[in-house]
Visitor: 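The following block contains the structure, expressed as structure tokens.
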Amino acid sequence: MRRERVPIVVVVLAAIGAAFFILPLVGLIVRSPWRDAVTALTAPETVDALKLSLLASLSATAAGLLLGVPLAWIYARVEFPGRDLLRALTTLPMVLPPVVGGIALLLAFGRRGLFGSWLDTTFGITLPFTTVGVVMAETFVAMPFLILTVEAGLRSMDRRYEEAARALGASRWRVFTRVTLPLIGPSLFAGAVLCWARALGEFGATITFAGNFPGVTQTMPLAVYLLLDTNTSFILSLVLLVISLAVLVGLRHRWLGSA
Amino acid sequence: MSLDASIRLTLGPLDLDMELTIEEGEVVALLGPNGAGKTTLLRAVAGLVPFRSGHVRLDGRVLEDTATGQYLPTERRPIGFVFQDYLLFPHLSVLDNVAFGLRSRGTPRREAAEKAGEWLERVGLKPYARAKPAELSGGQRQRVALVRALAPDPRLLLLDEPLAALDVTTRAEVRRDLKRHLASFRGIRLLVTHDPLEAVALADRLIVMEKGHLVQTGTPAEVTERPRSQYVADLVGVNLLQGEADHGIVRLPGGPVVSVAAAESGEVFAVIHPRAVALHRTHPEGSPRNVWQGRASNIELMGNRVRVRIDGEVPLVAEVTPGALKELDLIEGEVVWLSFKSTDVGVYPA
């Protein structure tokens, strides 16, 4: 079989395109202070940022699962007027500039915000500039990934398994937990991982809504930004890169659509 | 103990209007062509398809009644359902699949596992208890689906095309097993099939439906001997005519008169076995009263017989030996005479 000739222009432009992605990674790897890696990683502010990032991103993923799975279920299973609009609203943060999300969160849940002032005066609860605020900002930006992935999973599953379970006497809750959830397991897992990765890297909404207080709201991306041009920021960037790469490799079958 | 259902519904092109009464201990097969609404009827009985009007009663207990608005959801009906492609839960082991119904109905875990094990033992699948359904053969899956439905001790067992997912080579064997297992269950058994062989082999009574409506019901022998629709006649392989009987003749729509040896009168069915139809190249001499001319539209070898479809005033199928066909020197499209004796026509009221 003759190989198809690839036009030279395409090859050159594609090479530039690839280099555009690869060079920054090379830079990060080559210029990272490998010798100081251990020192930088064990420095108190790094450890704090790492811990907070893990806590906040895992909490955001948990919140995403708790609230996002029911939303996905409703989108996939219930016909009601305005469903498409509601779906668009709840997945808007995927395309919204995160800083705008942060502003919106402030206006809603800030101390003088729409609901925030009520929370503050009635319960004395303050959300912005707290660790809970970090979790909220991350959930806001990351949950849509979970919603869409789980909805797609629910739509493509064979619903007759649910009928089979009902015919065996299973209550709706039992059908959901013993049949539906296991059958959409791969989608659930992919959605959760995507949500977590997005939460882990969240910057704009977090810094706007929760600020940048070490140990309280300063997550890894915020620390990277604050410590720009220091060994610590390089090392933290590398950590985030490795995690992202792991997620990508772990989910590559889904991304590439192959079995 | 009995099932009494009356169901009217419209679903896409299907307009279903059926009454079902099934007595304790009966095995009933719903037989009909694809799209007749058999599966829909089964699903409606199970509560999986809503219906416009009607009721489902089991042992006198109302499961659903549109007149009173009563509706018992599927999961609370005392039924077992064997789905066409079994729908064994792929993420659960064979044992957990069988135990699922018991667990759903509140049996404690250990007891449910024990009972499920006994059911698997009964169908010879104990060694596969820990296997996933995907590791089983088609016939084994069918047995798991059956005992999964039977394990919670339902009063009514519904089977949707229980053998359709199997290949031809295993079907006969699985059918024998299924008949045995169905016999050991004492409740009402209602199965759906489009395969007359399956229906006759498994059921005490057939309910033939077409386009959502009842066509005929009776024992397999009654239905095959006295078909009441073209569908059943085709399944059984006989010629079916319908007309007005009057003192030894049956007047067919459009004029032709068939001479018969029966004293029936009024609207009747007349059934003629293809083997009773003789073919001739010229107008036959002698006794047969029923002689028509037609054109051989289709000639087909079926086993050691040849089926010749003849179009004409009275379209019929004749069955002759290959030797007889060779003697006739008949090819498709040629004119042929057909004849049959009055005594070979079975007549019964329509």
Side-chain angles (χ1 to χ4, degrees), chain A residues 61 65-66 68-70 72-74 76-81 83 146 149-194 250-251 253-254 257-259, chain B residues 39-40 42-49 63 72-93 96-107 109 112 116 119 132-133 141 144-160 165:
Chain A
T61 308
L65 284 168
L66 186 68
V69 172
W73 189 86
I74 284 176
R77 294 292 163 79
V78 188
E79 294 256 6
F80 60 95
R83 182 178 62 181
L146 187 137
T149 313
V150 174
E151 187 192 343
L154 282 168
R155 280 185 185 279
S156 61
M157 82 163 267
D158 189 343
R159 291 201 56 188
R160 294 177 313 144
Y161 284 110
E162 295 175 345
E163 291 183 344
R166 289 184 59 197
L168 286 166
S171 64
R172 296 189 80 165
W173 176 248
R174 186 171 159 80
V175 172
F176 183 69
T177 54
R178 296 302 162 89
V179 175
T180 312
L181 283 185
L183 285 179
I184 62 160
S187 302
L188 208 60
F189 177 74
V193 169
L194 279 177
L251 296 180
H253 291 313
R254 298 190 66 85
S258 60
Chain B
T39 296
T40 305
L42 208 64
R43 288 167 54 80
V45 169
L48 292 170
V49 176
L63 301 186
L72 196 66
T74 301
E75 55 269 27
R76 290 172 52 201
R77 298 186 183 198
I79 55 166
F81 204 125
V82 177
F83 291 85
Q84 182 170 355
D85 32 14
Y86 315 139
L87 298 177
L88 300 177
F89 304 125
H91 57 290
L92 297 181
S93 70
D96 287 342
N97 262 284
V98 178
F100 192 92
L102 292 163
R103 294 282 296 133
S104 296
R105 292 185 158 101
T107 310
R109 189 181 301 276
W119 277 103
K132 288 283 167 66
R141 269 180 240 174
V144 175
L146 182 69
V147 293
R148 182 177 74 166
L150 288 176
D153 195 23
R155 310 305 302 149
L156 167 65
L157 181 66
L158 305 166
L159 305 102
D160 188 7

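All of these numbers come straight from a predicted model, not from anything done at the bench. Proteins get letters first, then strands, A, B, ... in listed order; numbering begins at 1 in each.
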Visitor: Do B/Leu92 and A/Pro182 touch side chain to side chain, with heavy atoms closer than 4.5 Å?
Guide: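 The answer is no; the side chains never approach within 4.5 Å.
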
Visitor: Could I get the full list of side-chain contact (heavy atoms from CB on, under 4.5 Å) partners for A/Ala164, not counting sequence neighbours?
Guide: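 B/Phe83, B/Leu87, B/Phe89, B/Arg148.
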
Visitor: Please, which pairs that meet salt bridge (charged side-chain N to carboxylate O under 4.0 Å, His left out) have at least one residue in residues 163-183 of chain A, sequence neighbours excluded?
Guide: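 Non-adjacent pairs meeting salt bridge (charged side-chain N to carboxylate O under 4.0 Å, His left out): A/Glu163-B/Arg43, A/Arg166-B/Glu75.
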
Visitor: Kindly compute the distance separating CZ (A/Arg160) from CZ (B/Phe81), expressed to the nearest 0.5 Å.
Guide: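 The CZ atom of B/Phe81 is 10.0 Å from CZ of A/Arg160, to the nearest 0.5 Å.
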
Visitor: Is it the case that over 12 heavy atoms from other parts of the model lie below 6.0 angstrom from the CZ atom of A/Arg77?
Guide: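 Counting other residues, nucleotides and ligands, CZ of A/Arg77 exceeds 12 neighbours.
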
Visitor: Heavy-atom cut-off 4.5 Å, strictly under: side chain, backbone, both or neither for B/Leu102 against chain A?
Guide: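 For B/Leu102, no heavy atom lies under 4.5 Å from chain A.
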
Visitor: For A/Val179 versus B/Phe100, what's the shortest heavy-atom pair and its separation?
Guide: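 So the two residues come closest at CG2-CZ, 3.8 Å.
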
Visitor: Would you indicate whether A/Phe189, at its atom CZ, is surrounded by more than 12 heavy atoms from other residues, nucleotides or ligands within a distance under 6.0 Å?
Guide: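 Incorrect, the count does not exceed 12.
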
Visitor: How far apart are the closest heavy atoms of A/Leu183 and B/Pro90, and which atoms are they?
Guide: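 Shortest heavy-atom contact: CD2-CG, 3.5 Å.
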
Visitor: Which heavy atom of B/Pro152 sits nearest a heavy atom of A/Leu168, and at what distance?
Guide: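 B/Pro152 and A/Leu168 have their closest heavy atoms at CG-CD2, 4.4 Å.
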
